2 protein chains.
Amino acid sequence: MFTSSQNELAQVAKVLAHPARIAILDYISKQQGCICNDLVDVIGLAQPTISQHLNEIKKIGLLKGTFEGKNLCYGINEERWEELQQSFQVFFSNINFNCC
Amino acid sequence: MFTSSQNELAQVAKVLAHPARIAILDYISKQQGCICNDLVDVIGLAQPTISQHLNEIKKIGLLKGTFEGKNLCYGINEERWEELQQSFQVFFSNINFNCC
DNA sequence: TTTTAATATTGCAATATTACGATAATATAA
DNA sequence: TTATATTATCGTAATATTGCAATATTAAAA
C-alpha cells in the first residue's frame with residue numbers, strides 16, 4: 001500500500017516517537033563508555049519499561065551490545081545511525097514549497 | 001519528566017511514524033499546485049481517515065491551508081519544515097560513538 | 001554450587017491510535 | 001435558495017502502545 005521507503009521511515013520515526021527513547025539515546029550518546037545500568041535511575045521509569053524501550057531501539061538496529069563484566073553494554077551503532085540520519089535528510093530535502 | 005526538546009522531537013516523530021502521513025507529505029511535496037482532493041484516491045484510505053491524518057500533520061504546524069474555490073488547499077509550511085529538519089539534524093549530530 | 005546483581009520476559013490493565021460508516025458543515029454552482 | 005462537491009466531525013470497533021509488578025534468565029562473585 002505504501003512504498004518500502006515510506007514504511008521504513010515511518011518505522012524508524014515510530015521508535016523516535018517516545019520521549020523516553022529520545023532520552024535514552026541522548027544519554028547513551030553523552031557517555032564516554034557504555035555502562036548502561038543506571039538508565040533506570042536517569043530516565044525514571046521501571047526497569048522492565050527501560051528494557052522494553054531499549055528493545056524497540058535495538059529492533060531498528062540503532063544499538064549494538066556487548067557483554068562487559070556482568071553488565072550488558074549498549075552502544076550506538078554508528079553505521080546504522082548515519083544511515084537513518086541520511087534517510088531523514090533525504091526526506092526533508094525532497095520537498096517543494098511552490099504552493100499557496 | 002523529559003526535557004521539552006525531547007518531548008517536542010518525540011511529538012514530531014510521532015506524526016512521521018505512520019506511512020500514510022509520510023505518503024501524504026511526499027505527495028503534497030511533489031505537486032506543483034495544491035489541489036489535494038485527490039489524496040483519497042492516491043493514498044487509498046477513506047476520506048475521514050485522510051482528513052484525520054492531515055489534521056495530525058497540521059497540529060505540528062507542517063501544513064498551511066488556504067481556501068481556493070470550494071477546495072481547501074494544503075501546502076507545506078516552509079519555515080516549520082526547515083525548523084523540524086534542523087531539529088532532526090541536531091539530534092542526529094549530537095551523538096558520540098566512543099563506546100564498545 | 002550458591003548467592004548476587006544485572007537484564008529479559010510475561011501478564012495484564014490503562015490508554016492511545018487507526019480506520020471507517022454515518023453525518024454535519026462549508027462553499028461554490030445552478 | 002437548492003443542489004452539488006468537498007472537507008470535518010462523531011461514534012465506535014479493532015488494534016497497538018505504554019508501564020509496571022512478578023518472575024525468569026544470565027553471568028560474575030563468593
Side-chain angles (χ1 to χ4, degrees), chain A residues 1-2 6-25 27-28 31 33-60 62-76 99-100, chain B residues 1-2 6-25 27-28 31 33-60 62-76 99-100:
Chain A
M1 184 164 186
F2 304 106
Q6 287 167 345
N7 282 319
E8 282 162 27
L9 190 64
Q11 195 194 358
V12 171
K14 200 174 214 169
V15 172
L16 301 182
H18 197 294
R21 293 192 285 264
I22 298 288
I24 287 171
L25 289 167
Y27 180 75
I28 297 179
Q31 299 309 108
C34 52
I35 298 95
C36 302
N37 63 32
D38 46 0
L39 269 178
V40 172
D41 299 322
V42 171
I43 308 292
L45 292 170
Q47 179 268 323
T49 308
I50 296 291
S51 180
Q52 282 178 43
H53 282 308
L54 282 169
N55 203 39
E56 294 300 312
I57 300 172
K58 232 189 292 183
K59 272 186 197 163
I60 57 165
L62 264 184
L63 294 181
K64 54 183 178 182
T66 50
F67 284 93
E68 203 178 66
K70 74 184 151 200
N71 303 327
L72 178 53
C73 160
Y74 290 96
I76 286 171
C99 174
C100 305
Chain B
M1 184 167 186
F2 305 106
Q6 287 167 345
N7 282 319
E8 282 162 27
L9 190 64
Q11 195 193 358
V12 172
K14 200 175 215 171
V15 173
L16 301 182
H18 196 293
R21 293 193 286 263
I22 298 286
I24 287 171
L25 288 168
Y27 180 75
I28 297 178
Q31 299 309 106
C34 51
I35 298 95
C36 301
N37 63 32
D38 46 0
L39 268 178
V40 172
D41 299 323
V42 171
I43 308 292
L45 292 170
Q47 179 269 322
T49 308
I50 295 291
S51 181
Q52 281 178 46
H53 281 308
L54 282 169
N55 203 39
E56 294 300 311
I57 300 172
K58 233 188 294 183
K59 272 187 198 162
I60 57 165
L62 264 183
L63 295 181
K64 53 182 177 185
T66 51
F67 284 93
E68 203 179 64
K70 73 184 154 204
N71 304 327
L72 179 52
C73 160
Y74 289 97
I76 287 170
C99 173
C100 303

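Quick caveat: nothing in here was measured; it's all calculated off a predicted structure. Labels below follow one simple rule: chain letters A, B, ... track the order of the sequence lines, proteins then strands, and each chain is numbered from 1.
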* Asked: Separation of B:E56 atom CD from D:dT9 atom P, in whole Å?
  -> 12 Å
* Length of the line joining A:H53:NE2 and C:dA8:P, which is rounded to integer Å -> 14 Å
* To do: Take the protein atom CG of A:L54 and the nucleotide atom P of D:dT18, then report the distance between them rounded to whole Å.
  => 14 Å
* To do: Return the value, rounded to whole Å, for the distance between atom CD1 of A:I43 and atom P of C:dT7.
  => 13 Å
* 5'-most contact on DNA chain C: A:K14 or A:Q47, nearest heavy atom basis? -> A:Q47
* Is the closest side-chain heavy-atom distance between B:L39 and B:L54 below 4.5 Å? -> yes
* Between atom CD1 in B:I57 and atom P in D:dT7, what is the gap in whole Å? -> 14 Å
* Asked: Closest to the B:T49 side chain: C:dA19, C:dA16, D:dT18?
  -> C:dA19
* To do: Round to the nearest Å and state the distance from A:Q11 atom CD to C:dT17 atom C1'.
  => 17 Å
* Rounding to a whole Å, what distance do you find between B:L39:CG and D:dA5:P? -> 19 Å
* Structure fact -> Atom CG of B:D41 and atom C1' of D:dT7 are separated, to the nearest Å, by 14 Å
* Just checking A:L45: base, sugar-phosphate only, or nothing, at a heavy-atom cut-off of under 4.0 Å? -> sugar-phosphate
* Asked: Want to settle it: does A:H18 or A:P48 sit nearer the 5' end of DNA chain D, counting the closest nucleotide to each?
  -> A:H18
* **Minimum-distance nucleotide (side-chain atoms of B:Q52 versus C:dT17, D:dC10, D:dA8)** => D:dC10
* Parallel under 30°, tilted from 30 to 60°, perpendicular over 60°: which one fits the rings of A:H18 and A:H53? -> tilted
* Asked: Do B:L63 and B:I76 come close enough that some side-chain heavy atom pair is under 4.5 Å?
  -> yes
* **Under 3.5 Å: donor-acceptor pair, side chain of B:R21, backbone of A:A10** => no
